[in-house]
Chemist: 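For reference, the structure I am asking about is given below.
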2 protein chains.
Amino acid sequence: MASSCRFAFAVHVLAVLALKRESGGVCSHMLAGSVNTNPVIIRRLLTRLRHAGLVTTQKGSGGGATLSVAPEKIALDVVYRAIEPGESFAQHPHQPNQRCPVGAGIERVLDEVFASAQSALETELSRRTLADVLAAMDEVPPLRRKSPRARSRKAA
Amino acid sequence: MASSCRFAFAVHVLAVLALKRESGGVCSHMLAGSVNTNPVIIRRLLTRLRHAGLVTTQKGSGGGATLSVAPEKIALDVVYRAIEPGESFAQHPHQPNQRCPVGAGIERVLDEVFASAQSALETELSRRTLADVLAAMDEVPPLRRKSPRARSRKAA
DNA sequence: CGATTCTGTAACTGCGGTGGTTACAGTTGT
DNA sequence: ACAACTGTAACCACCGCAGTTACAGAATCG
């Protein structure tokens, strides 16, 4: 599976874009500031997200990226597939010995096992949307609140 | 997730050991021959499988590895966890910007998302045992049968 | 218009993980 | 003693990734 942090970065970026949906485009420099990485990393990410139809980007002064789909419509498996290109589950690097009965048959079986495991993972991801992520971020924030005044509300 | 082929190797090795369960230990050289890799790779694998209690190994002449649990009792998620040591799903490599509302809250949410995805994957793996793998290998083998006598030509 | 602010992409680096390989000490059966 | 094993260290080469620099091109604004 994905051993990269691209998926985490992607969800992070999309979350920022969702919050700033009304404020126009967000430039890669700003996004990089929130993720704490390099603008080029963000742009590479945005290229993939754009190909997947999740964001639009605008060149030039005042440009940047904008979410092009409502957060409720963006399931996380779509983000996952947009970001992680190839097969994530690993196969035999070289063909096993076909003269061994196990070597001859194992690949086909493992293919099927890997596919179902991969599918289960994506199905689980599909159960959450970007809107869910935003909602989860709002409740029970980690530590100090900006204005912990309205603390009483949390109980509901 | 796992970007290695260790899991494939491990299932392959266990399948061979399951088939040769009665014939005593199988040495790493033989196993390497079937997987088509180096004996040391197999031994490194066997070390982990032994720690997980799935196999026993015997040093010395005539030694080798033996399956120590019945194939029906070996679910693939156990193999997976025995082989893949750390967290497979990737996190933020460095802490996101805590001064950004998204950066401050996203990690906790992503942790939960990743954990559930990982769990879904392992649950799917747990639905299969090594015995299932062996059974799947027996049915509809890829091409030529050992004795395709009953089947008159490919036409049938 | 030209300056500025962006994107998009290429090119390169460094790092970490992995499979592969050699080597060798220790163990066990014959 | 000898041969056949395991277990493990040490090392290599490779690959993918995040990160970085650099630059061409596009859009906006004065």
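Naming convention: chains lettered A, B, ... in sequence-line order (proteins, then strands); numbering from 1 in each chain. In what follows, every heavy atom counts, from backbone to side chain, and hydrogens, waters and symmetry copies are set aside.
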Chemist: Backbone N or O of B/Ala82 within a donor-acceptor pair of the B/Glu84 side chain at under 3.5 Å?
Modeler: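 Side chain of B/Glu84 to backbone of B/Ala82, a donor-acceptor pair under 3.5 Å: no, none is there.
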
Chemist: Looking only at side chains, do A/Arg127 and B/Ser116 share a donor and an acceptor under 3.5 Å apart?
Modeler: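 No.
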
Chemist: May I have the distance from B/Ile41 (atom CD1) to C/dT21 (atom P), rounded to whole angstrom?
Modeler: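 Between P of C/dT21 and CD1 of B/Ile41: 8 Å.
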
Chemist: Output the single nucleotide from C/dT21, C/dA10, D/dA18 whose closest atom is nearest the side chain of A/Ser4.
Modeler: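 Shortest atom-to-atom distance from the side chain points to D/dA18.
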
Chemist: Given C/dT5, D/dC5, C/dG20, identify the nucleotide with an atom nearest to the side chain of A/Ser61.
Modeler: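 Nearest to the side-chain atoms of A/Ser61, counting from C-beta on, is C/dT5.
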
Chemist: Between B/Thr57 and D/dT6, does any side-chain N or O lie under 4.0 Å from OP1 or OP2?
Modeler: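 The answer is no; no side-chain N or O of B/Thr57 sits under 4.0 Å from OP1 or OP2.
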
Chemist: Which nucleotide wins on minimum distance to the side chain of A/Lys59, given the candidates D/dT20, D/dG25, C/dG20?
Modeler: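 Of the options given, the side chain of A/Lys59 lies nearest D/dG25.
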
Chemist: As a quick check of understanding, evaluate side chain to side chain contact (heavy atoms under 4.5 Å, CB included) for B/Thr37 and A/His94, giving each step before the final call.
Modeler: CA-CA 8 Å; B/Thr37 182; A/His94 34 61; 4.1 Å; yes

Chemist: Atom NE2 of A/His51 and atom P of C/dT9: how far apart are they, to the nearest Å?
Modeler: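 That distance rounds to 7 Å.
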
Chemist: Atom CG of A/Leu45 to atom C1' of C/dT9: distance rounded to whole Å?
Modeler: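 Between C1' of C/dT9 and CG of A/Leu45: 15 Å.
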
Chemist: For the side chain of A/Glu122 and the backbone of A/Ala120, is there at least one donor-acceptor N/O pair under 3.5 Å apart?
Modeler: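 Answer holds: no.
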
Chemist: Please report, rounded to the nearest Å, how far the P atom of D/dA9 is from the CZ atom of B/Arg44.
Modeler: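 Taking CZ of B/Arg44 and P of D/dA9, I get 10 Å after rounding.
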
Chemist: Let me know, please, whether A/Arg43 or A/Gly63 comes out on the 5' side of the other along DNA chain D by nearest nucleotide.
Modeler: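 Its nearest nucleotide being more 5', the pick is A/Arg43.
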
Chemist: Can you measure B/Glu84 atom CD to C/dG17 atom P for me and round it to whole angstrom units?
Modeler: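 Distance, rounded to whole Å: 13 Å.
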
Chemist: To the nearest angstrom, how far is A/Leu46 atom CG from C/dT7 atom P?
Modeler: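 In whole Å, C/dT7 P and A/Leu46 CG are 8 Å from each other.
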
Chemist: Mind calculating the distance between CG (B/Asn38) and C1' (D/dC12) to the nearest angstrom?
Modeler: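 Atom CG in B/Asn38 sits about 13 Å away from atom C1' in D/dC12.
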
Chemist: Return the value, rounded to whole Å, for the distance between atom CZ of B/Arg50 and atom C1' of D/dG7.
Modeler: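 Nearest whole value for this atom pair: 8 Å.
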
Chemist: Counting just side-chain N and O atoms, does A/Thr37 come under 4.0 Å of either OP1 or OP2 of D/dG19?
Modeler: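 True: A/Thr37 side-chain N/O within range (under 4.0 Å) of D/dG19 OP1/OP2.
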
Chemist: Compare side-chain N and O positions of A/His94 against OP1 and OP2 of C/dG20 and report whether any pair is under 4.0 Å apart.
Modeler: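 Yes, within the criterion.
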
Chemist: With DNA chain D as reference, determine whether B/Gly62 or A/Gln58 sits nearer its 5' end, using the nearest nucleotide of each.
Modeler: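 Of the two residues, B/Gly62 wins.
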
Chemist: Return the nearest nucleotide to the side chain of A/Val40; candidates are D/dT21, C/dA23, C/dG19.
Modeler: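 For A/Val40, the side-chain atoms sit closest to D/dT21.
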
Chemist: What's A/Gly25 touching, base or sugar-phosphate or nothing? Going by heavy atoms closer than 4.0 Å.
Modeler: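 No contact.
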
Chemist: Take the angle between the ring planes of B/Phe7 and A/Phe114 and call it parallel below 30°, perpendicular above 60°, tilted in between.
Modeler: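 Taking A/Phe114 first and then B/Phe7, their aromatic rings sit tilted (interplane angle of 30° to 60°).
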
